[in-house]
Amino acid sequence: MEAHQHSPDSSSEECTVLEAPPGKNACPQHAGNVADLYCSACECALCDDCVSDHDKHPKVALSQALELHRSSLQERLGIIQNRLPQILDALSFIKEILQQLTNQRASIEEDIQSSFEDLHKQLDVRKSVLLMELEVTYGLKQKVLQAQVDSLVRGEGDITAICTQMEEALPREASVAILQEEQELGERLAGLAGLGLPSQPQENDQLDLVLETDGLRKSIHNLGTIVTTSAVASQSEAMGTGLEQCIVGNPASVTIVTRDKSGGACKSGNAIISAEVFTPDGSIVDGEIVDHKNGTYEFLYIVPKEGNFSLALRLYDQHIKGSPFKLTVTRALEAEAEVGSSDGAKRRGKSPGQKKKGSKRASSALGTPRRKTQNPIEDDLIFRIGTKGRNKGEFTNLQGVAASSNGRILIADSNNQCVQIFSNEGEFKSRFGVRGRSPGQLQRPTGVAVHPTGDIIIADYDNKWVSIFSGEGKFKAKLGSGRLMGPKGVSVDHNGHVIVVDNKACTVFIFQLTGKLISKFGSRGNGDKQFAGPHFAAVNKNNEIIVTDFHNHSVKVFTPDGDLVLKFGSNGEGNGQFNAPTGVAVDVNGNIIVADWGNSRIQVFDGSGSFLSYINTSADPLYGPQGLALTSDGHVVVADSGNHCFKVYRYLQ
């Protein structure tokens, strides 16, 4: 049939293929010829007939070319295979970020729902109060007017009745009975004539509602903001002299410019940036990050020791361009020698006339003052716990310290994203905490406190909230989300309220354990009621709040309403002076114990701010102490951040 017929040409081609199938080295240009050469210039196989067309081109044996080609392919394959771990790591990391983003969305959605439900409840409560107030006010006024109406109605009825009786009695014939009746009516007329009826209103009809809704509507219209940036670490950069060198004990600064994935400058703030200066054996300096709200940030820090350090700047936990930077910290005189006397630039170091310190760290000289025999305070190191690491009993940049009434010491292990718990004797008991940005996770725990209920309160600096855990480490709630910018320290007052020291906002917040804000006070500055990077807080027996003002080198005492009661301290190394105070605690006698971070010592003051003594730290000098607390058995426990341990000192009160 026609369907099975083929043209002569196609039949011929099919016969050719069948009769002479090409070999594996068949020349693609000349059928039946074997290609055993390879033209390197044209990158093609050659047979004898092809050679003349490639006379001047370099040629090699096909087997050799194939071997070289396979070697090249194998090399490329190795390169590609070597990229797989990087791709898998990147995939895992980006999936983690995506999961955190999803978790954060769910958390914010929950916050929005709960916040607006709370607002609805508040509005319903206010509505009920107004309706009740309306009923009470109406009832009081109505009672007065109704009583007046009742009195007038009775008077009108009495007068009408006697008028009717008189009209009936007067036309009747005279008699003794009529006379007696008319006398009685006359007495009643006399009584009614003298009756004082309330003819003028004794109340008014005013009931108005003043409801200022315009401002409320405007506030509701602007209520809440979803905050984010497009900044990425791989494009963001830093600049400033503080990137390379600084002078011991003097402030240094670095400017961070955030950029998006295309390298464009970000124009808004609120990016999550962390910075730290550290030695090869760990972090020692946190400093303060100032958000200029225009996409740039400033990291201010002070290093208390000379030497070679590294400066790590991270955006969303990732190093920015060039991070970590190599940092050289020198003494003032050394820095002056380096710059010479060329241009008379302003120097912030000490003058040559000042006493030159020895090679020992500050704590060796300042932490062991000569004691006066009449000084009642005697203190010694009892034990130290910890080394740098991520295991139980090891720390990386420990910060806050708390002590419970049941004989436990709690440590906020900042860079390990956990809280570790020990007995008063230093025995490890437990730890809890999972790194992340979702409720119940910890990103950078810096402060810790124990509530009278037994709950553990944790300030999470990078998550910008305070987490509440049970005594067993089970997450219960968070507070301050959307209000806090960088909570550093936490404490609890005598009413069970949570005191939060917001390092970034330079504000002290007071919350109920439910998360309701009671009050707040403080702003950025160097005034009496202002702060510059406040760190930790304690509460005295008068329920007054004691706050360490880090960059203002002072300690301030406030009432719960934010009124300043006392301020003491100034910048320096003498008795009662500070170089950036951090941890603070109060003993049963009202004495105030302060960790002097930059001077690497612990000072003791009475309740009026007068210097009493140092804690003797000579046996094992401190290096950048942070949080501080009094244990239930009366000892001082301090987070020795630079040495990656906590230490317990004997303290006789």
Side-chain angles (χ1 to χ4, degrees), residues 111-224 479 483 493-497 510-521 542-543 559-563:
D111 287 343
I112 291 173
Q113 293 286 0
S114 62
S115 296
F116 278 82
E117 284 174 6
D118 184 60
L119 286 174
H120 277 299
K121 290 178 182 177
Q122 294 294 327
L123 285 172
D124 287 340
V125 168
R126 186 56 187 163
K127 173 184 173 183
S128 299
V129 169
L130 283 174
L131 289 173
M132 183 173 64
E133 186 179 338
L134 173 64
E135 286 304 308
V136 170
T137 305
Y138 167 78
L140 292 174
K141 297 171 79 73
Q142 185 266 350
K143 184 177 180 180
V144 172
L145 292 172
Q146 188 61 50
Q148 192 174 1
V149 166
D150 293 343
S151 177
L152 290 171
V153 167
R154 285 195 302 273
E156 185 264 344
D158 291 343
I159 292 173
T160 302
I162 199 168
C163 287
T164 302
Q165 291 178 7
M166 287 299 297
E167 289 175 356
E168 293 175 351
L170 288 176
R172 289 184 293 179
E173 294 182 3
S175 66
V176 174
I178 292 299
L179 178 60
Q180 186 176 359
E181 182 180 344
E182 289 179 355
Q183 286 176 342
E184 291 175 358
L185 290 173
E187 291 175 359
R188 288 177 61 190
L189 285 171
L192 288 172
L195 180 64
L197 295 174
S199 57
Q200 296 300 319
Q202 295 177 346
E203 253 296 355
N204 57 62
D205 61 354
Q206 183 183 11
L207 270 180
D208 294 326
L209 174 63
V210 178
L211 199 60
E212 297 289 346
T213 59
D214 290 343
L216 180 60
R217 290 177 190 277
K218 185 176 180 181
S219 297
I220 292 174
H221 180 74
N222 298 317
L223 182 61
L479 58 86
R483 296 183 185 272
D493 70 9
H494 300 326
N495 298 318
H497 297 152
I510 304 176
F511 294 93
Q512 290 181 352
L513 198 60
T514 59
K516 180 180 180 181
L517 178 65
I518 297 174
S519 64
K520 64 178 182 176
F521 59 86
N542 297 325
N543 208 36
T559 67
D561 295 325
D563 296 324

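The distance from the CD atom of Glu133 to the CG atom of Leu209 is 9.5 Å, given to the nearest 0.5 Å. Leu517 CG to His497 NE2: the interatomic distance, rounded to the nearest 0.5 Å, is 11.0 Å. Atom-to-atom distance recorded for Arg154:CZ and Glu156:CD is 12.5 Å, nearest 0.5 angstrom. Interatomic distance, OG of Ser115 versus CG of Leu119, reported as 7.0 Å (0.5 Å rounding). For the atom pair CD (Glu212) and CG (Asp214), the distance works out to 7.5 Å, reported to the nearest 0.5 Å. A distance of 11.0 Å separates CG of Leu207 from CD of Gln142, quoted to the nearest 0.5 Å.
The two residues Gln512 and Leu479 have their closest heavy-atom pair at O-CD2, 3.9 Å. What you find for Phe521 and Asp561 is that their closest heavy atoms are CD2-C, 4.4 Å. The two residues Ile510 and Pro560 make their nearest non-hydrogen contact at CD1-O, 3.3 Å. Here the shortest heavy-atom pairing between Glu203 and Lys141 reads OE1-NZ, 2.8 Å.
Using a 4.5 Å heavy-atom cutoff, the side chains of Pro198 and Gln202 are in contact.
Between the side chains of Asp208 and Gln206, at least one donor N or O sits under 3.5 Å from an acceptor N or O.
The closest donor-acceptor contact from the side chain of Ser151 to the backbone of Ala147 lies at 3.5 Å or more, if one exists at all. When atom types are taken as modelled, the side chain of Asp493 and the backbone of Asn495 share a donor-acceptor pair closer than 3.5 angstrom.
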Self-check item: Working for side-chain contact (heavy atoms from CB on, under 4.5 Å), residues Val129 and Arg126
Solution: CA-CA 5 Å; Val129 169; Arg126 186 56 187 163; 3.4 Å; yes
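Around the NZ atom of Lys520, the shell of radius 6.0 Å holds no more than 12 heavy atoms that belong to other residues, nucleotides or ligands.
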